[in-house]
Every structure is written in structure tokens, then in C-alpha cells.
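Single-structure report; data block below.
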Amino acid sequence: MATSASLNFPLPAHDADRMHRIDPQLTELILEYVTERLSLAETPIDGLGNRETMVQAMAGLIDENPKDPQAVLDVYIDHLADTVLSADSPRFYAFIPAAPTKASLLFDMVVSAASLQGCSWLEAAGAVMAENQALRVMADAAGMGPDAGGTFVSGGSAGNLSALVVARDSARNRRSEAGLPEARLRVVVSDQAHSSISNALNIVGMDALIVPTVDGRMDEVAIHSALALENDLSDVVAIVATAGTTNAGIIDDLDAASRCATDHGWWFHVDAAYGGAGMLVPELRQRYTGVESVDSIVMDPHKWWFAPFDSAALIYKDPHLAKSVHTQDASYLDVIHGNESELNPSDLAYHLTRRARGMALWFSLAVNGIAAYRDAVAHSINLAAYAADQIEEIPHFELIRRPDLSVVLFRRIGWKAQDYQAWSDELLRSQVAFVTSSGWQGETVGRLVFLHPSTTTKMVDEVLATMR
Ligand SMILES: *Cc1c(COP(=O)(O)O)cnc(C)c1O
């Protein structure tokens with residue numbers, strides 16, 4: 001007998017409303033808070049928190065029984081919210097800041113309220129259409145062909161990883177077709193590549209062929225010098241260039257990297273997680289020459305495309321290659337793979353279930369227009385140039401290099417690591433700015449990154465004045 005015992009007892013009474021009775025009250029409470037937050041003229045820097053008071057405030061918050069929503073929200077507002085640094089403050093100049101438009105933040109709420117996923121055409125055609133329209137804007141900025149396509153992933157790190165998996169497997173396939181033996185493969189990367197690249201190489205089991213740079217920029221000479229030292233390049237399968245290094249905002253010679261990739265038959269990946277938006281500005285576009293021929297590129301909307309966390313665009317020249325590598329095979333997924341020509345976002349990176357996170361950018365691009373984005377990016381470039389000018393004029397400063405984009409590296413003559421640290425601590429304490437130092441060729445240096453459209457030259461002067 002193949003039958004199993006069926007559930008022939010009555011289901012216990014279930015209170016379906018249990019988690020919903022307070023919904024109207026909750027909606028009002030949260031929307032009121034959100035409305036207030038969105039109406040702040042300037043997001044405070046925050047980031048000051050005390051672990052001990054948080055522990056006390058949160059004690060017993062989650063147990064078997066429900067708690068009053070207002071009281072829980074108050075714990076967040078009074079004890080948690082202020083401890084989170086606002087990367088979207090116009091006075092946040094550390095790491096890579098953020099500056100999501102209100103349009104993108106609000107539409108992100110729509111995505112949440114409607115619980116929109118963006119996995120496949122079957123499940124989410126409208127979301128896929130919208131995300132693809134936004135991806136097309138980015139692909140156009142890079143000058144990629146009409147067949148380019150991709151998906152939004154959680155961040156540049158996830159994007160770089162997913163792209164390198166495709167680079168590796170495409171190379172493996174080609175090698176196996178050519179009858180070459182299996183081998184550990186290598187990828188050409190600059191010594192300034194983002195840490196996520198070496199992390200990704202480690203995960204995918206490839207090694208870096210590191211190109212040492214003189215001034216932080218991977219150019220033709222640097223690439224050729226590094227390759228000339230190698231006896232055998234037959235295990236090299238890709239080159240990764242950076243369009244806007246995170247530390248210094250330097251754009252590699254993408255044209256040289258592109259030609260190198262073409263000459264050797266390598267995959268060409270560009271990490272433009274931070275710097276990609278610079279391509280919108282006509283005066284800057286020529287610095288990116290060569291990017292048109294990428295096999296894959298990553299640009300983070302949550303950085304310079306003014307969208308909320310967490311969002312990175314991963315775009316391929318030939319997304320069908322990515323599909324052949326990343327598609328997950330499971331019987332319950334067969335229904336979404338019925339149409340061979342369809343490219344499902346889920347099949348283009350290492351993920352399956354995914355939030356339609358690209359729709360926030362889509363909505364904001366539409367309601368603001370691309371020209372507003374171009375102007376906002378140009379504003380950051382101008383601010384960086386302004387800061388560099390000031391630094392060159394003030395005797396106790398030294399500019400390390402003219403900024404390519406919106407990162408300014410400089411030296412406060414006479415300062416050591418602990419001086420920069422004390423400066424950073426004091427500015428955070430007084431909520432004047434959030435700044436952190438960085439390293440440049442072994443030295444601790446000052447670093448300011450501009451990204452927020454509301455940052456002013458006055459704010460720049462204010463920060464520089466604190467370094468006397
Ligand atoms: C920020 C950044 C990354 C990592 O992106 P996440 O979104 O933080 O994962 C990778 N590469 C570059 C050049 C970056 O600036």
C-alpha cells in the first residue's frame with residue numbers, strides 16, 4: 001500500500017487576525033515617523049551610541065508576548081536610531097557616502113509595502129521591465145550594445161563575485177573545448193583593486209596576477225610591465241580594471257585594459273561600483289574610454305546613483321552567458337524557465353529570491369530625469385576640485401594628487417596617525433562631520449569624499465578649518 005496516513009483530525013482553531021489587529025494603528029505610527037524623517041532638511045550625522053544603554057533598553061523586548069508598538073518604536077528612536085551613522089548626511093565624507101533621493105526612498109517603501117520580488121518574468125514581469133529600463137540607462141552611460149543586460153544585486157561585492165564566476169566558467173568551457181587540461185586560473189588585477197576582488201577570487205578559486213601601480217592608476221605601461229615578467233600567460237582568463245578606485249577615485253586606463261583583454265581573448269570586467277556615475281558627465285566621459293567593450297561591469301546605485309541600500313547593478317555584454325552559468329536547476333523552478341529567450345534576473349547572478357531593489361532607482365530616474373543626476377554628480381566633482389584648490393593654497397596642507405573624481409587625498413603636514421584619529425573623533429563628537437583617514441603609500445593621510453548634492457563649499461571650509 002502506497003498511501004500514507006492522512007491528516008484526518010480537525011485543524012485547531014487559528015486566530016488569523018492575531019498578527020494584524022493592530023495594523024491600522026501601526027500604519028499610522030510608522031508613516032508618521034517616516035514622514036518626519038523624510039522632511040528633515042539635513043540628516044544628522046549621528047553614530048554616537050552606548051552599547052550598555054542599548055542592552056538595557058532592549059532587555060526583554062522579545063519574548064512570548066506582544067509589546068506595545070509605540071514603546072518598541074520608541075526603543076528604536078531613543079536608543080538605536082542615533083547610533084547608526086547617517087551615510088546620507090551632507091557632512092559624511094568617509095568611506096563612500098550615500099545620498100538617496102527622496103523619490104528613491106519613497107519608492108523603496110512601495111517595493112516593501114507591496115512585497116515586490118523581482119525573480120522572473122513569470123512572477124514579476126512589471127518589476128523586471130522597470131529594473132531593465134533603469135539598467136539600460138546605466139548600460140547606455142557605459143556605451144554598451146543593445147544586447148547588454150543584467151540584474152541588481154545587493155552590492156558591488158556580490159556583483160564582482162557573480163561576474164567573476166561567469167568569467168571563470170566561460171574560460172573553463174573554452175579550455176575544455178580546446179582540449180586543454182584543467183588548471184588553476186588567474187586574473188589580472190591592479191594593486192589598487194577593491195578588497196572584494198581578492199575576496200571573490202578566493203571564493204571562486206582563482207589567483208590574482210597583480211599589476212603594481214606607480215601612482216595608483218593601472219595604465220598601459222603598468223600592465224605590460226607586469227605581464228612581461230610572466231613566462232606563461234596561458235592560465236590567465238580575465239582582466240579587472242577599476243573605474244574610480246575606492247581609496248583615491250582613480251580611473252584605470254580602461255582602453256589599455258580593454259585592448260589587452262581583446263589581444264589575449266580574456267574576459268574584461270570593470271569595477272565601477274563607486275565611479276560609474278561619472279560617465280554621465282560629458283566632460284569626464286573620455287576618461288572612461290574603453291569601457292564600451294566590457295564583458296561585465298558593476299555600478300552601485302547605493303553610492304553615486306543616489307539610491308538607497310542595498311543596490312548594485314551588474315551588467316553583462318552577453319547576459320546569456322551569465323544565464324548559462326548562474327541558472328539554478330531544480331524541478332520546482334522548471335516553470336520559470338519555460339521560455340529560453342527570457343532572461344530572468346534570478347538567473348544572472350548568485351542569488352535566487354531577490355527584492356525588486358532596482359525599482360527605487362527606476363522611479364527616481366523617471367521623476368527626476370537623467371539631467372538632474374548628471375548635475376548632482378558634477379556637483380560632487382566640483383566640490384572635490386574646490387577642496388583640492390583650498391588644500392593647495394593653505395600652507396599646512398599638501399594635496400597628494402588632483403582628484404579624478406570626488407575623492408580628495410591630502411596631507412596635514414606634521415600630523416601622524418593619532419592626530420588624524422583625534423581629529424576624526426572630535427568631529428564626530430561635535431557632529432561637525434564624519435571623516436576618516438586613509439593610507440597612501442604607507443602613510444596615514446586625510447581623505448574626503450564628496451557625493452551629497454547638499455554638501456556646500458562652506459561645509460568644506462568648515463572641515464578644513466578644523467585641521468589647523
Ligand atoms: C564600494 C566598492 C565595492 C564594494 O561594493 P559594496 O556595495 O560595498 O559591496 C567594490 N568596488 C569598488 C570600487 C567600490 O568602491
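In listed order, ligands and their atoms are each counted from 1.
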(request) May I ask you to test the Asn160-His269 pair for a side-chain heavy-atom distance under 4.5 Å? (result) yes

(request) Could you tell me whether the side chain of Leu116 reaches within less than 4.5 Å of the side chain of Met359, counting heavy atoms only? (result) yes

(message) Enumerate the ring pair (Phe, Tyr, Trp, His ring centres under 6.0 Å) contacts for residues 115-154, please, sequence neighbours excluded, ordered by first and then second residue.
(response) none

(request) Identify the residue among Ile45, Val463, Asp46, Leu427 that makes a side-chain contact (heavy atoms from CB on, under 4.5 Å) with Phe434. (result) Ile45

Taking a 3.5 Å cut-off between nitrogen or oxygen atoms, can you list every pair linking ligand 1 to the protein, with distances?
unit_1	atom_1	unit_2	atom_2	d
ligand 1	5 (O)	Gly156	N	3.2
ligand 1	5 (O)	Asp300	OD2	3.4
ligand 1	7 (O)	Gly156	N	2.7
ligand 1	7 (O)	Asp300	OD2	2.7
ligand 1	7 (O)	His302	NE2	3.0
ligand 1	9 (O)	Gly156	N	3.1
ligand 1	9 (O)	Ser157	N	2.8
ligand 1	9 (O)	Ser157	OG	2.7
ligand 1	11 (N)	Asp271	OD1	3.1
ligand 1	11 (N)	Asp271	OD2	2.6
ligand 1	15 (O)	Thr246	OG1	2.8
ligand 1	15 (O)	Lys303	NZ	2.9

(request) Scan for side chain to side chain donor-acceptor pair (under 3.5 Å) pairs involving residues 246-256, sequence neighbours excluded, and state none if there are none. (result) Asn247-Ser438

(message) My understanding is that only residues two or more places apart in sequence, or in another chain, count here; which of them pass side chain to side chain donor-acceptor pair (under 3.5 Å) with Arg259?
(response) Glu220

